[in-house]
Amino acid sequence: MAYIQFLGAAGTVTGSKHLINTNSEPTGKSGFQVLIDCGIFQGPKEWRERNWQQLPIPAHDIEAVVLTHAHLDHCGWIPRLVKEGFHGPIYATPATIDLCGILLPDSGHLQEEDAYYYNKHKKSKHDPALPLYTLEEAQECLQYFRPVPVEQTTQLSPELSFRFVRAAHILGSAMAEITLRTNGQSRRLLFTGDIGRVRNHNIAPGKVVRSGPPEGESADLMVMESTYGNRQHPTEDPRPELAELIRDTAQRGGSVIVPAFAVERTQKFLFMLKQLMESGEIPRIPVFCDSPMAIQAVEIFMKHSEEYTEETRRLLGQYGSPLEWAGFTFASTPDESKRINECKYPCIIVSASGMVTGGRIQHHLAQRLPDPRNTVIFIGFQAQGTRGFSIKSGAEEIKIYGEIIPIRAQITALEQFSDHADTPELLQWLRTFTNKPKTTYLVHGDPAASAQLRETMTKELGWNVQVAQWMQKVELK
Ligand SMILES: [Zn+2]
């Protein structure tokens with residue numbers, strides 16, 4: 001009998017990986033096997049160690065991957081899957097493929113750097129420490145990507161087909177509607193990937209990609225994210241608070257450090273800074289956008305205008321490409337990145353990774369966290385167990401590259417920048433369903449968030465909702 005197995009993002013927000021096996025052959029041999037997403041586990045060691053484990057089925061037995069979007073917790077394990085023998089097609093939207101083209105090699109590069117560091121300082125119990133995959137291996141896996149425009153049906157096997165619909169989460173993001181036909185029966189399986197904010201500019205100001213997940217969905221079974229299953233985003237405009245934080249910090253001679261995902265979140269934030277500078281609400285202090293893919297990220301963002309909201313279109317018409325803006329510097333090379341450390345006057349540094357799990361943000365924070373004049377502003381979700389989570393939660397010190405760094409800088413967070421629908425927004429979307437799923441499995445949430453969303457959906461919508469367990473198999477009857 002066909003089944004779904006949750007190989008990741010069950011009990012946690014990272015490592016999204018869900019297997020569908022049609023398993024329909026009377027001989028008992030495995031059927032067609034497809035992975036929906038292939039993300040990397042991030043955060044606590046207990047989870048990261050799962051990146052090194054083999055899948056319950058051999059990688060070469062998987063025929064295809066359907067990828068919802070380019071966040072590493074959804075795509076970051078693809079190079080490892082290919083390294084372990086997968087050679088099938090990886091279906092994704094054109095914008096997702098462009099983003100993976102820079103994000104996966106960058107991830108490989110970071111893995112290599114970390115392994116090199118641990119070997120040099122003998123900080124690992126593994127001797128020698130190895131990268132999960134290298135930059136070169138990440139580049140090699142790109143040949144397997146196949147672009148699929150949204151709303152085009154693609155046949156995966158005689159029993160399985162799929163279609164992407166927009167998820168409005170980040171550039172290129174989509175939900176996967178899977179149709180499974182076995183024993184003369186047709187079932188629709190909806191994998192939401194990550195779900196974006198509602199259609200409301202006042203609630204989600206500065207949103208870059210088109211708003212709102214598709215209304216009027218229907219599914220027989222749904223696998224749904226639950227990141228904000230127990231929370232509500234603030235509904236006020238974040239700009240006045242952001243402007244005040246920047247003004248105060250600059251006045252006391254400090255700098256503002258913003259950990260942010262290099263693609264889209266960073267561009268969205270840059271447009272907001274530009275607006276605030278042009279309107280005179282913040283001083284024209286230098287802005288550094290520090291990422292090895294800083295320039296490429298802007299170029300990809302500029303290329304996919306089909307994804308923009310009206311507001312973004314208007315801002316682009318008014319201000320043009322961020323690469324041309326006076327006072328905004330894009331640091332691509334390590335030397336350019338290090339030079340930012342020499343900047344002793346107030347500035348704004350936007351750098352990745354957004355949850356401080358790796359990347360250049362580490363050296364910026366190591367240098368600037370001990371100084372109480374500085375301010376760190378979190379504009380993204382911080383998963384439990386990440387450095388970002390600890391800093392945001394008020395830790396007094398943090399270990400970065402093996403050194404203990406005291407935290408004396410001001411620490412703040414603006415939740416309005418989230419690209420995930422919160423609980424009221426999720427319910428608003430679910431109420432538009434024309435056919436409610438017989439069962440909904442919640443994934444991609446910390447246990448408390450998933451449990452709370454299950455309760456809310458059961459109570460308010462009367463749906464049958466389960467929290468998915470890691471490695472759990474669900475038969476598709
Ligand atoms: Zn995401």
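Positions are given from 1, in the same order as the sequence printed here. Both counts, for ligands and for their atoms, begin at 1 and track the order of listing.
- Between the side chains of Asp422 and Gln232, not a single donor N or O lies within less than 3.5 Å of an accepting N or O.
- The N, O or S atom of Asp194 lying closest to the Zn ion (ligand 1) is OD2.
- Considering just the N/O/S atoms of His71, the one nearest the Zn ion (ligand 1) carries the name ND1.
- Inclusion of Asp419 in the first shell of the Zn ion (ligand 1) is not supported: no N, O or S atom falls under 2.8 Å.
- Checked by atom type, the side-chain pair His74/Asp37 shows a donor-acceptor distance below 3.5 Å.
- For the Zn ion (ligand 1), the N/O/S atoms of His420 include none lying under 2.8 Å.
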After noting the C-alpha distance and the side-chain angles of Gln466 and Asn464, does the key distance pass the side chain to side chain donor-acceptor pair (under 3.5 Å) rule?
CA-CA 7 Å; Gln466 307 292 330; Asn464 176 24; 3.2 Å; yes

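- Glu112 approaches Leu135 most closely through the heavy-atom pair OE2-N, 2.8 Å.
- Within His69, the N/O/S atom positioned nearest the Zn ion (ligand 1) carries the name NE2.
- Remark: the His444 side chain and the Ser226 side chain contain no N/O donor-acceptor pair separated by less than 3.5 Å.
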